[in-house]
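Heads up, the thing below is written out as structure tokens.
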Amino acid sequence: MSELTRRTAHEMAGLLRRGETSARELAEAHLAEVERTDRALHAWLSLDPERALEEADEADARLDVARHEGPAALDALHPLLGVPVALKDLVSVRGGQATAGSRILAGYRPPYDAHIAECLRDAGAVILGKTNMDEFAMGSSTEHSAFGPTANPWALDRVPGGSSGGSAAAVAAYHVPLAIGTDTGGSIRQPAALCGIVGMKPTYGRVSRYGIVAFASSLDQVGPLGRDARDAAALLHAVAGRDERDSTSAPIPVPDGLLRLAADDDEAAAELRGKRLGLPREYFVPGMEPGVEARVREGVAALEAAGATVEEVSLPHTEYGLATYYIIAPAEASANLARYDGIRFGFSVREPAADFIADYKATRGQGFGAEVKRRIMLGTYALSAGYYDAYYLKAQKVRTLIKADFDALWARGFDALVAPTSPSVAFRFGARMADPVAMYLSDACTLPVNMAGLPGVSFPCGLADGLPVGLQLIAGPWREAELLRLVRAYEAVTAGADWRRLEPAELGLAAVPDAPTPAERASALAAADRVASSTAGWPAT
Amino acid sequence: MSAVPGAAGTRHEAARYEAVIGIEVHCKLRTASKMFCACSTAYDGAAPNSHTCPVCLGLPGVLPTINRRAVQLVLATGLAIDAELAPTTRWDRKNYFYPDLPKGYQISQYQLPLAADGRLAFDTSEGPVTIRIRRAHLEEDTARLVHAELGGRRVSLVDFNRAGVPLMEVVTEPDVRTAEQARRYAEELRLVLRAIGASDAEMENGQLRVEANVSLRPAGREELGTRVEVKNMNSFRAVERAIAHEIERQAEVLNAGGSVHQETRGWDDARQATYLMRIKESEDDYRYFPEPDLPPLRVAPAWLDEIGGTLPELPGTRRARYREALGLSAYDAAVIVADPGATELFEGTLAEAADLAPKAVANWVTGEYLRLSRAGGAGAPEASAPGSTAPAARAPLAGHAGQPATAIAGRVTPAALAALLRLVADGQLSGTNAKEVFAAHFASGQAVAAIVEARGLRQISDADVIAAAVDRVLAASPAAVADYRAGKAQALGFLVGQVMKATRGQANAGAVQGALRERLDRTEA
């Protein structure tokens with residue numbers, strides 16, 4: 001294991017500029033780390049070492065030129081130059097793969113680059129490969145991947161959250177300092193919370209969706225996952241901004257402040273002084289684990305201790321969030337996923353001597369997993385004649401009310417809201433697979449933020465039963481830099497906490513040769529559960 | 001039933017019923033690029049799938065961006081049909097599965113079309129008609145399916161060159177009552193679209209596709225009958241015939257005590273009959289919902305003003321001006337406006353020579369010019385005048401593949417027609433000879449004056465020359481002179497003919513007649 005992988009991206013940037021390491025060395029160290037533990041974690045769906053090393057060499061060449069030209073030229077380089085990153089496997093990169101965790105996209109090679117892939121190339125980041133995810137980003141555990149689950153580095157028989165579980169696990173396990181995820185109802189923030197890292201969903205429209213395999217167009221947003229606020233801010237800076245190819249991307253300037261988060265802890269902590277934070281009572285949902293609530297309340301207390309005022313507030317329409325989300329997102333998905341028909345690309349089944357409808361049925365029937373089919377059916381139903389007004393239209397009206405709840409708080413002068421990210425810590429494989437609603441409840445504290453189009457960030461606030469707990473901050477539109485400064489401030493005021501010095505508990509276990517894969521662990525757990533439940537049913541002797 | 005639908009022999013079948021017809025027109029807009037991507041729309045003759053990109057192929061992750069020009073053309077159409085233009089409109093997804101639909105949905109406009117509540121007025125053989133237009137909206141075209149045999153296997157191939165081309169759909173209220181009105185509506189709409197440059201609107205190559213919903217109800221009743229959708233009408237003539245046939249067919253069904261089924265029927269031009277394409281058992285459920293990838297579109301009032309300010313004179317306005325300001329008959333006005341070449345020649349000639357009587361110019365344009373240009377076959381204009389029935393036989397269109405048939409068949413410039421008409425007005429060219437000169441100019445493009453000189457057609461109006469010829473003829477024709485004096489008026493015609501013969505036709509016939517009369521009447525006294 002190379003110590004280089006334990007550095008943050010901004011530390012790597014410093015090493016690179018001072019010539020103390022090279023992009024190639026960084027790429028090789030991280031690829032070795034993947035090699036060391038990914039059998040047990042399965043964070044990655046594909047690696048492209050050859051291309052990554054080429055990109056690293058290009059970055060080293062750019063660094064050489066700049067070093068030659070002097071400090072000003074070095075300063076002009078993006079902090080991500082030469083830094084290894086991971087992409088969730090729904091980002092199109094020309095010639096690579098983009099399965100979106102689905103069998104139906106197996107073999108599909110995008111002939112074009114996503115906007116954010118172009119941005120990362122411009123910045124000089126080195127893309128190592130693509131990470132695992134719930135199929136079409138539908139899920140909260142990464143167990144819905146057609147290519148098998150990902151394990152949580154803190155506990156290998158538990159999920160990393162989802163749908164960006166591969167990206168979160170890769171960052172937590174030091175495979176990369178930074179990864180790209182997408183968040184439609186919590187898919188960046190919830191796995192960030194469960195893996196003990198920072199993950200941000202930016203304002204809807206902040207990052208172009210061009211080239212990102214769509215789940216629910218009005219909710220999807222691309223964002224960064226990293227091990228601290230400064231790293232996440234640098235990645236957001238690289239990919240944010242208006243893109244003509246995405247009509248919903250906003251012509252709002254990206255603040256350079258994202259690259260100037262305070263390095264000094266005292267300076268960073270000062271950010272919290274005088275800040276007015278709201279604590280929405282509805283986010284302490286029934287069934288929240290006591291350990292999670294305890295860490296969240298301690299986190300809130302730390303924010304207050306650093307000079308912020310925290311006031312309990314209400315977002316009265318929160319309770320309708322889940323129901324409306326599960327109408328709007330599947331409705332949009334039912335249309336977005338109609339293009340997977342086996343005619344132009346990807347998985348295709350041809351039924352001999354039958355019409356194209358039979359081909360559609362066979363291709364989609366075999367190509368999509370159960371959760372995706374469930375959501376296509378939900379969405380198709382909600383949009384059908386006679387149901388549209390009662391479901392889709394009504395849900396859109398409730399969505400407006402949810403957004404108005406937040407607007408009212410911004411109008412009252414709150415700088416941000418602080419809340420739990422997930423009601424629970426990482427759960428065991430299989431725990432929620434039989435009960436879709438239990439799985440959907442994982443996102444109760446995150447999906448209202450997508451419904452309102454707001455920026456939200458999850459960051460670690462300690463451990464409960466040895467597993468990470470995430471704290472969430474939510475702000476008004478376009479206030480990502482403010483949010484990340486608050487996260488940075490929280491990092492500063494908790495810099496001395498013991499849990500900050502801990503590595504994911506089972507990372508060492510993951511490095512054991514021939515360690516079981518997550519799929520093996522999941523089936524062993526399922527087998528044990530079957531024995532337990534059949535034992536429980538035996539009559540007493 | 002009769003082999004000719006709508007002919008007098010079968011018309012009585014439908015007389016007990018009133019037809020209620022609504023018309024949907026899909027028209028390919030004249031834009032350089034596709035509706036939601038930058039691919040070129042100039043794919044005629046290009047290899048299949050050569051004009052495609054990730055966006056119009058519907059690959060994972062792509063997003064649409066709006067073609068501003070396409071929106072502008074629909075707004076211009078909206079202004080031209082006097083429609084309400086929405087200050088804010090949005091896009092909807094129309095969901096259905098078909099191999100020619102790459103995304104599995106079509107981006108269209110459902111609830112808020114760009115233009116609504118318009119109207120179009122035109123003349124028919126039974127008088128003027130105004131049809132209300134419910135809406136005009138933008139959407140994207142589908143790919144083209146090609147059914148072929150490949151290695152002994154029957155296959156369907158998909159060409160995505162057409163996928164994503166901007167289409168405007170224009171839907172009428174069910175105001176149309178006759179097959180002729182339907183044809184005239186489609187012709188008038190095409191004229192408007194061409195005038196404002198929205199579309200080339202060639203029916204023959206699918207730039208203008210007309211579909212009709214036809215139902216019958218007993219004359220005088222309010223409630224509507226079951227409607228049948230009629231498709232596959234590839235010319236204006238086919239529109240009229242297909243609808244006439246469908247009215248007739250439904251009348252026969254109803255008269256026989258049967259009921260009309262809700263179905264889609266296609267027009268078979270060879271058999272001159274409609275045939276069943278598919279039965280609609282229920283309304284299709286397209287699960288429309290607002291397109292989340294495109295924000296609502298706001299049309300700035302300033303943009304609308306700009307579009308309105310650049311609209312050309314519309315066909316209806318132009319016809320009214322020809323009638324009211326220039327004194328043309330309604331028929332002449334309609335005939336000229338219906339043909340872009342004729343319009344250009346008429347307007348140009350008047351601009352060239354403001355002293356010429358518009359009526360005289362119109363006569364030449366509607367008479368000789370259109371006769372020659374239609375006989376020429378090089379792109380005969382398809383639109384016909386109101387009141388005329390569609391010609392039964394027409395010269396085949398040459399060279400129309402991919403190219404809009406130009407309406408100007410010969411080389412008649414406004415300057416040439418003005419020169420010709422001046423010679424006639426000055427008495428230097430007889431009306432008969434003028435037609436000969438016009439035809440020669442049309443065929444060769446040679447200057448009018450040169451043709452007149454070369455053929456020795458300049459008219460003699462010199463009174464002395466004519467008087468000399470008259471004297472010679474009178475001296476040589478004592479019998480005819482005697483007949484005239486005996487009261488046989490037709491003898492004068494013979495004498496005029498003799499003088500014309502003596503001058504090789506160049507004498508001004510009016511002047512000859514005057515000179516003869518004067519001589520005969522004077523010597524008589």
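Just so you know, these numbers use all the heavy atoms, side chains as well, and skip hydrogens, waters and symmetry mates. Chain naming here is simple, since letters A, B, ... match the order of the sequence lines and numbering starts at 1 in each.
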Exercise. Between B:Asp293 and B:Arg93, is there a salt bridge with N-O shorter than 4.0 Å?
Worked result: yes

Problem set entry | Donor-acceptor contact below 3.5 Å, side chain A:Lys130 vs main chain A:Asp48 | no

For this session: Using non-hydrogen atoms and a 4.5 Å limit, figure out which bit of A:Arg364 sits close to chain B: side chain, backbone, both or neither.
Result: side chain

Problem set entry | B:Asn95 versus chain A, the contacting section by heavy-atom distance below 4.5 Å | side chain

Seminar exercise, completed: Residues passing the ring-ring contact (aromatic ring centres under 6.0 Å, His included) test with B:Tyr98, sequence neighbours excluded, are A:Phe356

Seminar exercise, completed: Residues at least two apart in sequence or cross-chain that pass side-chain contact (heavy atoms from CB on, under 4.5 Å) with A:Glu351, listed by chain then number, are A:Val349, A:Ala354, A:Ala358, A:Asp359, A:Ala362

Exercise. For B:Arg153, what residues pass the side-chain contact (heavy atoms from CB on, under 4.5 Å) criterion, not counting sequence neighbours?
Worked result: B:Val155

For this session: Name the option with the most non-hydrogen atom pairs under 4.5 Å to chain A; the candidates are B:Val55, B:Leu59, B:Leu294.
Result: B:Leu59

Problem set entry | Residues of residues 102-113 of chain B with any heavy atom under 4.5 Å of a heavy atom in chain A | B:Pro102, B:Lys103, B:Gly104, B:Tyr105

Exercise. Hey, does B:Pro290 have a side-chain heavy atom less than 4.5 Å from the side chain of B:Asp92?
Worked result: yes

For this session: Let me know if A:Tyr204 has heavy atoms under 4.5 Å from chain B in its side chain, its backbone, both or neither.
Result: side chain

Exercise. By a 4.5 Å heavy-atom criterion (distance strictly below it), what part of A:Ile343 contacts chain B: side chain, backbone, both, or neither?
Worked result: side chain

Problem set entry | Under 3.5 Å side-chain donor-acceptor pair for A:Ser334 and B:Arg287 | no

Exercise. Given that the side chain runs from C-beta out, which part of A:Ala331 has a heavy atom under 4.5 Å from chain B: side chain, backbone, both or neither?
Worked result: backbone

Seminar exercise, completed: The interface call for A:Ser208 against chain B, heavy-atom contacts under 4.5 Å, is neither

Problem set entry | A:Tyr108 side chain to A:Arg344 side chain, donor-acceptor N/O pair below 3.5 angstrom | no

Problem set entry | Contacting moiety of A:Ala385, where chain B heavy atoms sit under 4.5 Å | both

Problem set entry | Region of A:Tyr210 that comes under 4.5 Å of a non-hydrogen atom in chain B | both

For this session: Could you tell me which portion of A:Leu337 (side chain, backbone, both or neither) has an atom closer than 4.5 angstrom to a non-hydrogen atom of chain B?
Result: neither

Problem set entry | Atom group of A:Gln396 that falls short of 4.5 Å from chain B, counting heavy atoms | neither

Exercise. Non-hydrogen atoms of chain B under 4.5 Å away: do they reach the side chain of A:Ser92, the backbone, both or neither?
Worked result: side chain

Exercise. Would you say the ring centroid of A:Tyr381 lies under 6.0 angstrom from that of A:Tyr387?
Worked result: yes

Exercise. Between A:Phe136 and A:Phe215, is the gap from one ring center to the other below 6.0 Å?
Worked result: no

Problem set entry | Of B:Leu167, B:Val165, B:Ile66, the residue whose pairing with B:Met35 passes side chain to side chain contact (heavy atoms under 4.5 Å, CB included) | B:Ile66

